[in-house]
Chemist: 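The structure that follows is given in the form of structure tokens.
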Protein chains: 2
Amino acid sequence: MTTRSTELLRVAHARPGVTRAEAARLLGVGTGAATEIVARLAQASLLAEAPAAPSGSRGRPTTLLVPHPTGPLVLAAAITHEAWRIDVVELGGNAVASVRGSHAGSDWAEVIAAVTAAISTLLPAYGERLRALGVSVPGTVSPDLRLDASSLGWHDVDLTTLWPGPVFVAGNDATLAAAAESARGAAQGAAMALHLRIEGGLGGAVVDHGRVLMGARGAGGEFGHMPFGDPAIICPCGARGCWGTAVDGTAMARRLGKPAPPDPVTYARRIIAAGSPVVAEVAAALGRGIAGLVNGLDADLVTLGGIGVDLLAAVPGELDAAYQAGLMKVHRASPPPIRPAALGDDGPIAGAGEEAWSRLLPELA
Amino acid sequence: MTTRSTELLRVAHARPGVTRAEAARLLGVGTGAATEIVARLAQASLLAEAPAAPSGSRGRPTTLLVPHPTGPLVLAAAITHEAWRIDVVELGGNAVASVRGSHAGSDWAEVIAAVTAAISTLLPAYGERLRALGVSVPGTVSPDLRLDASSLGWHDVDLTTLWPGPVFVAGNDATLAAAAESARGAAQGAAMALHLRIEGGLGGAVVDHGRVLMGARGAGGEFGHMPFGDPAIICPCGARGCWGTAVDGTAMARRLGKPAPPDPVTYARRIIAAGSPVVAEVAAALGRGIAGLVNGLDADLVTLGGIGVDLLAAVPGELDAAYQAGLMKVHRASPPPIRPAALGDDGPIAGAGEEAWSRLLPELA
DNA sequence: AGAATAAGCTCTGGATCAGAGTAAAAGGAG
DNA sequence: CTCCTTTTACTCTGATCCAGAGCTTATTCT
């Protein structure tokens with residue numbers, strides 16, 4: 001429709017349940033224009049108005065901008081190494097339905113069959129209302145939507161078959177989790193947020209004023225492959241001294257003189273719970289690397305996901321000491337805080353929904 | 001004025017001398033709208049039309065969009081540790097005048113007096129046409145325009161006294177050089193460009209689709225303080241193992257067992273010219289770090305400034321070997337090229353002009 | 001009940017631009 | 001040289017969007 005309509009929708013999406021008057025103020029339009037724009041969006045089944053709870057103050061009561069009951073919806077999917085989940089997400093980010101399943105094997109054909117079947121079951125229920133798909137995957141996605149997840153044996157997989165429509169986004173789980181944290185989680189309002197997510201490896205993303213940096217080939221945020229680690233250790237990626245080899249479950253096993261565990265995530269959680277002294281060492285390696293990234297990128301906030309949350313909870317002192325020691329003096333006066341991700345394991349699917357909505361909005365208005 | 005006017009001005013600035021018809025195509029407007037918008041901008045003394053050179057093909061000859069002869073101008077200033085320079089820049093980036101001087105001492109009061117005096121001499125000549133100032137400085141600039149250049153003893157200096165007008169930008173020299181390389185230099189069109197500049201230390205910037213990441217406190221791109229170096233070496237910044245301590249003139253002196261040189265830049269140039277074996281070692285440290293940044297940020301192009309250009313010219317093989325070895329396998333098939341900066345030492349001042357124009361344009365139209 | 005307050009609604013006029021049609025300025029063919 | 005083709009620029013009409021002023025509505029406070 002028009003620029004203002006898109007902006008209003010964006011506000012309504014970012015802050016579901018805003019009052020109509022506040023949305024008008026945020027857009028910088030007069031009340032006359034607000035009337036017209038809201039009417040147009042309601043006519044197009046994009047927005048609806050609901051009576052607001054009594055504010056207690058004087059004045060004519062305002063209305064809340066809520067998603068239209070028959071308005072467009074977005075599918076958000078998250079595929080992990082062992083399971084998948086699909087949410088139906090309305091404007092504002094609320095999930096109105098959810099389907100999930102697991103896949104023991106890591107055969108891509110099996111995964112895509114299950115996901116495609118699940119999407120097919122949702123199509124009759126929501127029909128034309130489903131307008132976009134966002135997918136989170138445990139690997140990198142090129143700009144032409146091809147997935148590469150080396151550790152799972154998925155190479156150059158074409159994702160476009162998942163969705164026939166024009167609005168389709170796919171991205172790395174850590175990248176999308178970062179987008180979600182910035183939009184609705186612990187990194188709201190940060191000028192330059194850094195998100196780090198330790199699971200099998202270490203991934204993340206940089207978010208500049210709410211915009212996630214995807215990288216030239218969709219592989220942005222692979223901080224695990226920056227050489228903050230021990231140069232003697234060769235990473236499966238082919239380089240040496242990768243930071244990721246110093247902070248995950250495999251690193252803990254190596255420090256304990258044990259063979260690499262088959263499931264580094266649960267292994268790491270067990271070691272952390274056991275209170276092993278290697279936990280502090282790994283946390284220090286994490287803190288030092290975070291400091292390096294903060295120095296280089298001038299982030300003002302760091303959020304941690306996956307095992308990072310457990311490390312932060314278990315040995316906050318060690319992590320913070322290494323972090324402080326690695327910071328430039330200029331940052332030490334007020335070090336950017338390191339916080340656990342607010343969305344937890346829902347980060348990737350929430351981010352998939354966010355990105356799908358973000359791409360759909362300009363098409364609608 | 002309006003969005004389209006700003007867009008047209010931006011096109012005319014980015015590609016000085018575009019034909020009017022092509023600009024209309026780039027904006028996606030019809031010829032009718034183009035007539036009206038150009039007329040409006042000409043009326044406001046922002047654009048002028050010049051006859052185009054004969055194209056040799058059929059059709060009514062188009063006109064070129066050029067800066068208006070009495071249109072707005074921008075001041076671009078570059079302050080270094082020993083000299084200063086001010087350019088008067090018209091739309092399109094062309095400098096119509098230039099003043100320069102040097103300051104032997106590093107007393108900020110002296111510097112600001114000289115620069116302020118130079119600006120005063122330019123004011124009567126160009127008067128109201130001067131609408132904005134962009135300044136490049138060898139330090140970090142906070143969002144509230146305070147400069148910190150530790151190595152020169154300039155701490156928390158207020159820059160706002162330099163310019164009375166509302167449109168005033170200031171930034172780090174390496175950051176601004178990156179902006180210039182992306183707008184008009186070797187990094188044009190890159191999706192994610194990385195610029196590195198070695199002088200006294202190592203600075204740079206990340207440029208995502210033409211937008212420079214300034215960081216939360218204006219200290220983005222301090223890659224010299226990421227821990228890619230030897231942890232035994234303590235950096236003046238307070239951290240250990242900073243990459244910057246491994247790649248500049250001071251690093252060369254240390255490897256040669258010499259004391260730190262007073263002027264590391266000329267010292268480094270001399271060592272490189274002499275063909276010392278430490279040059280290859282330093283180039284390798286540079287290449288390895290670049291690989292780490294490319295891995296982490298998924299850059300598709302790297303530009304080098306300052307001593308980096310000399311290193312690249314002197315020992316390209318060593319630099320490239322270390323770069324390749326540090327890249328993840330996925331990047332090795334087509335490694336992002338490492339190129340010398342096209343603008344050379346003019347990068348910072350060109351970037352100051354770019355940023356000033358970029359901020360001024362929306363105010364005009 | 002009446003004043004005060006905050007918000008929504010209606011109407012007018014101006015700015016912007018898309019689209020269609022027309023005019024202008026060049027090269028090429030005869 | 002004249003006419004045709006090609007490309008671009010100009011003119012005109014109508015639709016859309018929205019700012020601003022003034023008015024109406026719904027609520028709380030006194």
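Reminder, nothing fancy here: chain letters follow the sequence lines and each chain counts from 1.
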Chemist: Can you measure A:Glu22 atom CD to C:dA7 atom P for me and round it to whole angstrom units?
Modeler: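 Taking CD of A:Glu22 and P of C:dA7, I get 10 Å after rounding.
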
Chemist: Below 4.0 angstrom from OP1 or OP2 of C:dT5, is there any side-chain N or O of A:Ser57?
Modeler: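 No, A:Ser57 has no side-chain N/O under 4.0 Å of OP1/OP2 on C:dT5.
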
Chemist: With the side chain of B:Thr2 defined as its heavy atoms from C-beta on, choose the nearest nucleotide among D:dA9, C:dA26, C:dC17.
Modeler: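 It is C:dC17.
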
Chemist: Is there a side-chain contact between B:Thr62 and the phosphate of D:dA9, meaning an N or O under 4.0 Å from OP1 or OP2?
Modeler: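 Affirmative; the distance criterion is met.
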
Chemist: With a cut-off of less than 4.0 Å, is there a side-chain N or O of A:Arg40 near OP1 or OP2 of D:dC18?
Modeler: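 A:Arg40 to D:dC18 OP1/OP2: side-chain N or O found under 4.0 Å.
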
Chemist: The side chain of B:Glu36 is closest to which nucleotide in this list: C:dC17, D:dA26, D:dT7?
Modeler: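 Per side-chain heavy atoms of B:Glu36, the pick is C:dC17.
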
Chemist: Please determine whether a side-chain nitrogen of the Lys or Arg among B:Arg131 and B:Glu363 lies less than 4.0 Å from a carboxylate oxygen of the Asp or Glu.
Modeler: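 Result for this pair is no, no salt bridge flagged.
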
Chemist: If you assign each of A:Ile37 and B:Thr63 to its closest nucleotide in DNA chain D, which residue comes earlier from the 5' end?
Modeler: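 So the residue in question is B:Thr63.
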
Chemist: Hey, which sits more toward the 5' end of DNA chain C by its nearest nucleotide, A:Gly59 or B:Ala33?
Modeler: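 Closer to the 5' end of DNA chain C: A:Gly59.
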
Chemist: Strictly below 4.0 Å, N to O, side chains only: are A:Glu22 and A:Arg25 in salt-bridge contact?
Modeler: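 A salt bridge is absent here (no side-chain N lies under 4.0 Å from a carboxylate O).
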
Chemist: By the 4.0 Å heavy-atom rule, please label A:Thr19 as base, sugar-phosphate, or nothing.
Modeler: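 Since no nucleic acid heavy atom lies under 4.0 Å of A:Thr19, the category is nothing.
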
Chemist: Among D:dA9, C:dT16, D:dA19, which nucleotide sits nearest the side chain of A:Val29?
Modeler: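 For the A:Val29 side chain, the nearest candidate turns out to be D:dA19.
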
Chemist: On the nucleotide C:dG8, are OP1 or OP2 found under 4.0 Å from the side-chain N or O atoms that A:Arg20 carries?
Modeler: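 Result: yes.
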
Chemist: Roughly how many Å is it from CZ in A:Arg58 to P in D:dT28, rounded to a whole number?
Modeler: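 Answer to the nearest Å: 11 Å.
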
Chemist: We want to know whether A:Arg40 and A:Ser5 form a side-chain donor-acceptor pair, criterion being a heavy-atom distance below 3.5 angstrom.
Modeler: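 Distance-only check passes for A:Arg40 and A:Ser5.
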
Chemist: My understanding is that only residues two or more places apart in sequence, or in another chain, count here; which of them pass side-chain hydrogen bond (donor to acceptor under 3.5 Å, both in side chains) with A:Thr175?
Modeler: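 A:Thr175: side-chain hydrogen bond (donor to acceptor under 3.5 Å, both in side chains) contacts with A:Asn172.
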
Chemist: Does CZ in B:Arg146 sit with more than 12 non-hydrogen atoms of other residues, nucleotides or ligands closer than 6.0 Å?
Modeler: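 Yes - once you tally the heavy atoms of other residues, nucleotides and ligands closer than 6.0 Å, there are more than 12.
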
Chemist: Given D:dA26, D:dC10, C:dT16, identify the nucleotide with an atom nearest to the side chain of B:Thr31.
Modeler: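 That would be D:dC10.
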
Chemist: Does A:Thr35 have a side-chain nitrogen or oxygen under 4.0 Å from the phosphate oxygens OP1 or OP2 of C:dC9?
Modeler: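 Result: yes.
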
Chemist: Looking only at side-chain N and O atoms, does A:Arg4 come under 4.0 Å of OP1 or OP2 in D:dA19?
Modeler: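 True: A:Arg4 side-chain N/O within range (under 4.0 Å) of D:dA19 OP1/OP2.
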
